[in-house]
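What follows is a short report on a single structure.
Excluded from the calculations below are hydrogen atoms, water molecules and symmetry mates; all remaining heavy atoms, backbone and side chain alike, are included. Remember, it's a predicted structure, so these values are computed and weren't measured experimentally. Counting starts at 1 for both ligands and their atoms, following the listed order.
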Amino acid sequence: MVLKEIWKNGRLKNQPSISQKTEYKEIWKNVLTFLERDLSKGEIATFLGSTELINLHEGKARILCPNRLTMEKLRTRYAAHLAEAFQTVCGGEHQFSFEIKPFENTIPSDPGTASQPSLFHHAPPNGLAASYSFENFVVGLSNQLAVSVARAAVEQPGALHNPLFIYSGVGLGKTHLLHAVGNSVREKTPNARIIYASAERFTSEFIRSIQSQQTAATFRRKFRGVDVLLIDDVQFFASRTASQEEFFNTFNELFLAGKQVVLAADRHPAEFKNIEQRLVSRFAGGMITDIQEPDLDMRLQILRQKAAAQQAEVSEDVLLALAQQLEGSIRQLEGTLHQLLAISQAQKAPPTEELLKAVLRTAPPASAFIAPQDIIGSVCRAYQITSEQLCSANRSREVVLPRQIAAYLLRQISRASLHQIGGFLGGKDHSTILYGLGKIEKQFATDEILKNQVESIRGEILGKNR
Ligand code: ADP
Ligand code: MG
């Protein structure tokens, strides 16, 4: 008994065997790979690059950090991400404790908190991350409609916009907004039952639940007993599966009971390939709103807010330079600001424009320097039309297809934003571009010839610019 306890609490906990170490390494690698979905590579390298999973036992994960800054980041900013990653990689909910590598822990800190591993419970069962609120969500032209309908859903859940469906490209605030709705309802009505889950999580919990009648019933009770259901990344529901069916039934039951459902996805419901038509028409039965890319003013405002939240002093010039450099994803904007602050803190140097330049140099998209006109030119040559035709309002198929291909390649090669692509293609609306991109990707799935044609145009463009 005593021996067994020592084994359990001593050796197993503190000194994992070699095979366990290899397993932890593998798990940690998978966790980091999963995080790439939500975080930029630069952010992962800066904050997670030198971390390690040193123990995992009965849902308790111990993570070793190179320094205090990293430890704080993992505990606060990346807590929700880690919980979700572990949920996906290992299944179940986890508690995390963080430790600083002893020999690198040279920064003096408060006695009592420094080397004590800090244990905290994460991923409360409702999945809500408290740090995403309406208060810290900057409102601008690009998201004001989405915010106002989301607030209306908080004021009168289930009554005005049900379901509420929010879509946008990545990193534009959908997840933040879903959590904000949940947190805000909870503030107003502390007893309200609220669940936030991504479609992936709904699916994985569902799959685990069908192993026994009892767990299946618990799953049903959990999801069908809520007042507000927030489902993120709806595009991840796989085609014609039992989990989609389960979601459909859950949705119907909640809807009929007048409960609020809020959904987020990377595209308009009409663009779903995998999701059954009856579900799509349910989605479309309520309010659909998109979030667009923020303009310069809004980007600057977001940066000011994020810097203030970290109590970091960054000059307006530097914030403006950053806002000018990075368009599109707010996640990328935020990630770059965090990298800048981390490096400035590590080097004990102020976050100047020079430092910003250095940070931006570390992650330039490899092919950023191919001119959009080169891409448009190559597509026009391949389809024997002029660039005037390509950029015109002509809707005939001979022109529409090359235009959509140009949009696709501009997105892929130049990483241009939808708004920019619209501009390059003669002032098209960003939703037209989004629609076209969806169509082309759909065609790729069935049309090998088209796919090869586009690949060869891409090869020509990249080859010329090498
Ligand atoms: P999405 O789910 O659309 O990919 P997220 O909600 O994860 O995007 O947002 C990415 C990051 O950008 C998050 O850290 C979020 O807090 C931040 N963010 C997005 N929009 C805003 C905004 N309007 N104001 C403040 N922060 C924002
Ligand atoms: Mg998201």
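- Checked by atom type, the side-chain pair Arg282/Asn252 shows a donor-acceptor distance below 3.5 Å.
- Among all protein heavy atoms, the one lying closest to atom 7 (O) of ligand 1 is Arg331 NH2, 2.8 Å.
- In terms of polar-atom proximity, Ile302 is not counted as a contact of ligand 1, lacking any N or O under 3.5 Å from an N or O of the ligand.
- The pair Arg224-Glu246 meets the salt-bridge criterion, since a charged nitrogen lies less than 4.0 angstrom from a carboxylate oxygen.
- Contacts between Asp232 and ligand 1, counted as non-hydrogen atom pairs separated by less than 4.0 Å, are absent for every part of the residue.
- For residue Thr175, an N/O/S atom approaches the Mg ion (ligand 2) to within less than 2.8 Å.
- Heavy-atom contacts of Lys174 reach the following atoms of ligand 1: 1 (P), 2 (O), 3 (O), 4 (O), 6 (O), 8 (O) (cutoff under 4.0 Å).
- Ring geometry, Phe247 versus Phe202: the interplanar angle exceeds 60°, so the pair is classed perpendicular (tilted spans 30 to 60°).
- An N or O contact shorter than 3.5 Å links Glu334 to ligand 1 by distance.
- Using a 4.0 angstrom heavy-atom cutoff, Ile291 does not count as in contact with ligand 1.
- In terms of polar-atom proximity, defined here as any N/O pair under 3.5 Å, Gly171 does make such a contact with ligand 1.
- Nearest protein heavy-atom neighbour of atom 8 (O) of ligand 1: Gly173 N, 3.0 Å.
- Looking at atom 21 (C) of ligand 1, its nearest protein heavy atom turns out to be Phe137 CE1, 3.4 Å.
- Of the protein's heavy atoms, Thr175 OG1, 2.8 Å lies nearest to atom 2 (O) of ligand 1.
- Within the 4.5 Å cutoff, no side-chain heavy atoms of Phe219 are placed close to those of Thr215.
- In this structure, the ring of Phe206 has its center no less than 6.0 angstrom from the ring center of Phe223.
- For a threshold of 3.5 Å applied to N or O pairs, the pair formed by Val170 and ligand 1 contains no separation below that value.
- Looking at ligand 1, you'll find an N or O of Val138 within less than 3.5 Å of one of its N or O atoms.
- Taking the six-membered ring where the residue is Trp, Phe283 and Phe272 present perpendicular rings, their angle passing 60° and hence far from 30°.
- A salt bridge links Glu316 with Arg304: the distance from a Lys NZ or Arg NE/NH1/NH2 to an Asp or Glu carboxylate oxygen falls below 4.0 Å.
- No side-chain heavy atom of Arg193 sits less than 4.5 Å from a side-chain heavy atom of Asn126.
- Salt bridge status for Arg278 with Glu276: present, with a side-chain N to carboxylate O gap under 4.0 Å.
- Taking the centre of each ring, Tyr408 and Phe444 come in below the 6.0 Å mark.
- Every atom of ligand 1 is numbered from 1 in the order shown, and the set under 4.0 Å from a heavy atom of Asn143 is 23 (N).
- Here is the list of ligand 1 atoms found below 4.0 Å of a heavy atom in Asn136: 24 (N), 25 (C).
- The side-chain tip of Arg62 does not point at the ring of Phe96 from less than 6.0 angstrom away and within 45° of straight on.
- Between Lys306 and ligand 1, a contact under 3.5 Å exists for at least one N or O pair.
- Listed by atom number, the atoms of ligand 1 under 4.0 Å from His176 heavy atoms are 6 (O), 15 (C), 16 (O).
- Looking at atom 18 (N) of ligand 1, its nearest protein heavy atom turns out to be Ile330 CG2, 3.4 Å.
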